[in-house]
Amino acid sequence: MPLSSPPQPSESSPLILTGPIALEATLNSGQVFHWARLKDDSWSGVIGHMAARVSQRNGDLVVHSGDGAALSHYFALNHPLDEIYAAFPQDPMSQAALASCSGIRILRQPRWECVATFITSSMKQVAHIRAMSLDIRRRFGAEAAGAPTNAYPGFDRMARLGESDLRECGLGYRAGNLLKTARLLDAGGIDLEAIASLRTPALRASLQKLPGVGVKVANCILLFAYERLDAVPIDVWIHRILLQMRRGRTGSPAQLARYARSRLGPCAGYVQQYLFHHARTARRGSSPH
DNA sequence: TACCAGGCACGCC
DNA sequence: GGCGTGCATGGT
């Protein structure tokens, strides 16, 4: 089969990609921050410079616009969810998260976008991260034809901004770190593509050389942009959940990380994402705001 | 008003 | 390696 001309969608004949996928939960689970829901319940986003519009029909992904192969890759439709679910821990919290979050996929995001948005994430709620991301795109990103938001500005573009430009997007003290990282990458100090061949510990160490990237943000980047599905970001939500699993027994960050790695299994990153989304959505349900 | 959020860098021990 | 502190912003 020639791979040179895969089928492409049109408004009259959208492309159907076999799931299963839970599209809304995937896009709202705190791994990506710019997708917008349209009136017809489809979702519009920009991947790199490619505008895309997708929706969900039954469990499948409907591609209204955008390259089908690129979207299949981005949404990680080849992740074997049945095998991943079989590896979930049997404890009640993990199984409850699995039951309520089934179909969430860990995306394969463009590296720089993921690095940048998670540098801005520290001590910010998901809604704030989204607002900052959209403002940075609106002010400094290139237009993506057909999309309501712009592409995320490349590090070469961002490297030429001033810190005050980024502070105007609400970044606060995060602006300096993001700008330093953009300039470091622009100067060739680290190649985000080249380091993808490193094993996870060396890759994590390389990422932590970037200003504003500590162990938690590095694990987010490993999971969401380098497909290291065993990486476990431990934020305040996952920290609380791990303490519950340990029946309140505390520990140093390193001890909790070792516990998570051994307790959550080979796809610990997937388990972590389901626990995170389940905890956040349960909270919203019980105390609406 | 006080508290919290997908933390990090730094100094100190 | 572990712990304390300062750092900005916006929502509840």
Side-chain angles (χ1 to χ4, degrees), chain A residues 25-35 97 101 104 106-107 109 113-136 139 162-184 201 204-226 228-229 231-243 249-261 264 268-289:
Chain A
T26 295
L27 296 178
N28 280 337
S29 65
Q31 44 178 331
V32 66
F33 302 95
H34 75 277
W35 286 81
C101 299
I104 287 182
I106 303 288
L107 302 174
Q109 294 185 49
E113 291 182 28
C114 186
V115 167
T117 54
F118 277 97
I119 285 175
T120 68
S121 75
S122 86
M123 294 299 290
K124 278 289 189 185
Q125 294 180 348
V126 169
H128 301 153
I129 304 167
R130 173 182 173 81
M132 290 184 289
S133 169
L134 291 176
D135 212 17
I136 289 172
R139 291 176 186 238
E163 185 173 327
S164 61
D165 293 321
L166 293 175
R167 283 191 177 250
E168 286 173 6
C169 299
L171 270 67
Y173 64 86
R174 304 157 193 82
N177 286 331
L178 181 55
L179 188 57
K180 282 186 228 168
T181 289
R183 289 177 176 168
L184 191 157
R204 182 184 291 109
S206 292
L207 291 171
Q208 288 189 235
K209 292 176 183 170
L210 301 173
V213 179
V215 60
K216 188 272 174 183
V217 168
N219 279 320
C220 286
I221 299 165
L222 286 170
L223 183 59
F224 302 138
Y226 289 91
R228 306 303 163 100
L229 301 184
V232 180
I234 300 178
D235 72 329
V236 293
W237 292 90
I238 298 300
H239 184 85
R240 281 196 289 263
I241 290 167
L242 291 175
L243 290 188
R249 189 165 57 90
T250 58
S252 70
Q255 286 174 319
L256 289 177
R258 282 193 293 273
Y259 176 82
R261 194 166 60 238
L264 301 185
Y270 255 95
V271 179
Q272 170 278 150
Q273 192 65 13
Y274 282 41
L275 288 168
F276 175 79
H277 187 67
H278 181 53
R280 289 187 64 247
T281 51
R283 165 178 163 275
R284 279 207 297 271
S286 60
S287 63
H289 49 273

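Note on naming: letters A, B, ... go to the chains in the order of the sequence lines (proteins, then strands), and numbering restarts at 1 for each one.
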How close or far is atom [atom2] of [N] from atom [atom1] of [X], stated in whole angstroms?
X: A:M132; N: B:dG7; atom1: CE; atom2: P; result: 10 Å
X: A:D135; N: C:dG10; atom1: CG; atom2: P; result: 10 Å
X: A:I238; N: B:dA5; atom1: CD1; atom2: P; result: 13 Å
X: A:Q273; N: B:dG6; atom1: CD; atom2: C1'; result: 9 Å
X: A:I234; N: B:dC8; atom1: CD1; atom2: P; result: 11 Å
X: A:L222; N: B:dG6; atom1: CG; atom2: C1'; result: 15 Å
X: A:H239; N: B:dG7; atom1: NE2; atom2: P; result: 12 Å
X: A:F33; N: B:dG6; atom1: CZ; atom2: P; result: 9 Å

Closest nucleotide among [options] to the [X] side chain:
X: A:P253; options: B:dG7, C:dC3, B:dA5; answer: C:dC3
X: A:S252; options: C:dA8, B:dG6, C:dG2; answer: C:dG2
X: A:V215; options: C:dG10, B:dG6, B:dC8; answer: B:dC8
X: A:V217; options: B:dC8, B:dG6, C:dT9; answer: B:dC8

Which heavy atom in [X] sits nearest to a heavy atom in [Y], and how many Å separate them?
X: A:S133; Y: A:T117; value: OG-CG2, 4.2 Å
X: A:R139; Y: A:C169; value: CD-SG, 3.5 Å
X: A:G30; Y: A:F276; value: CA-CE2, 4.4 Å

Query raised in the report: Should A:R130 be listed as having a side-chain N or O under 4.0 Å from OP1 or OP2 of B:dG6?
Result: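 No.
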Query raised in the report: Starting at the 5' end of DNA chain B, which residue's closest nucleotide do you reach first, A:Q208 or A:K124?
Result: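 Going by which nucleotide is closer to the 5' end, it is A:K124.
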Query - Whichever of A:N177 and A:P233 has its nearest DNA chain B nucleotide further upstream toward 5' - result: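 Its nearest nucleotide lies further toward 5', so the answer is A:P233.
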Requested in this report: Looking at every strand, decide which applies to A:G212 at a 4.0 Å heavy-atom threshold: base, sugar-phosphate, or nothing.
Outcome: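 Sugar-phosphate only.
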Report task. Name the nucleic acid region contacted by A:S29, choosing base, sugar-phosphate or nothing; use a 4.0 angstrom heavy-atom cut-off, strictly under. Result ->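 Base contact.
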Query - Residue of the set A:V217, A:V126, A:D235 for which side chain to side chain contact (heavy atoms under 4.5 Å, CB included) holds with A:S121 - result: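 The single option meeting the side chain to side chain contact (heavy atoms under 4.5 Å, CB included) with A:S121 is A:V217.
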Report task. Identify which one of A:N219, A:I234, A:L223, A:I106 satisfies the side chain to side chain contact (heavy atoms under 4.5 Å, CB included) criterion when paired with A:Q272. Result ->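 That would be A:L223; it is the only one of A:N219, A:I234, A:L223, A:I106 passing the side chain to side chain contact (heavy atoms under 4.5 Å, CB included) with A:Q272.
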Query raised in the report: Mind checking the P distance from C:dG6 to B:dC3? Whole angstroms is fine.
Result: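 C:dG6 and B:dC3 have their P atoms separated by 16 Å.
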**Report entry** Distance, C1' atom - from C:dT12 to B:dT1, rounded to whole angstrom
**Finding:**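 That atom pair is separated by 12 Å.
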**Report entry** Stacked pair A:F276-B:dG6, distance under 5.5 Å, angle under 30°
**Finding:**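 A:F276 ring centre within cut-off of B:dG6 base, planes near parallel; stacks.
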**Report entry** A:R167 (side chain) and C:dA8 (base): donor-acceptor pair under 3.5 Å
**Finding:**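 When only heavy-atom distances are counted, A:R167 does not reach the base of C:dA8 through any donor-acceptor pair under 3.5 Å.
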Query raised in the report: So does A:Q255 reach the base of C:dG1 with its side chain, donor to acceptor, closer than 3.5 Å?
Result: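 A donor-acceptor contact between them is absent.
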Report task. Give a yes or no on whether the backbone of A:F118 and the side-chain of A:R174 come within a donor-acceptor separation of less than 3.5 Å. Result ->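 Checking the backbone N and O of A:F118 against the side chain of A:R174, no donor-acceptor pair under 3.5 Å is found.
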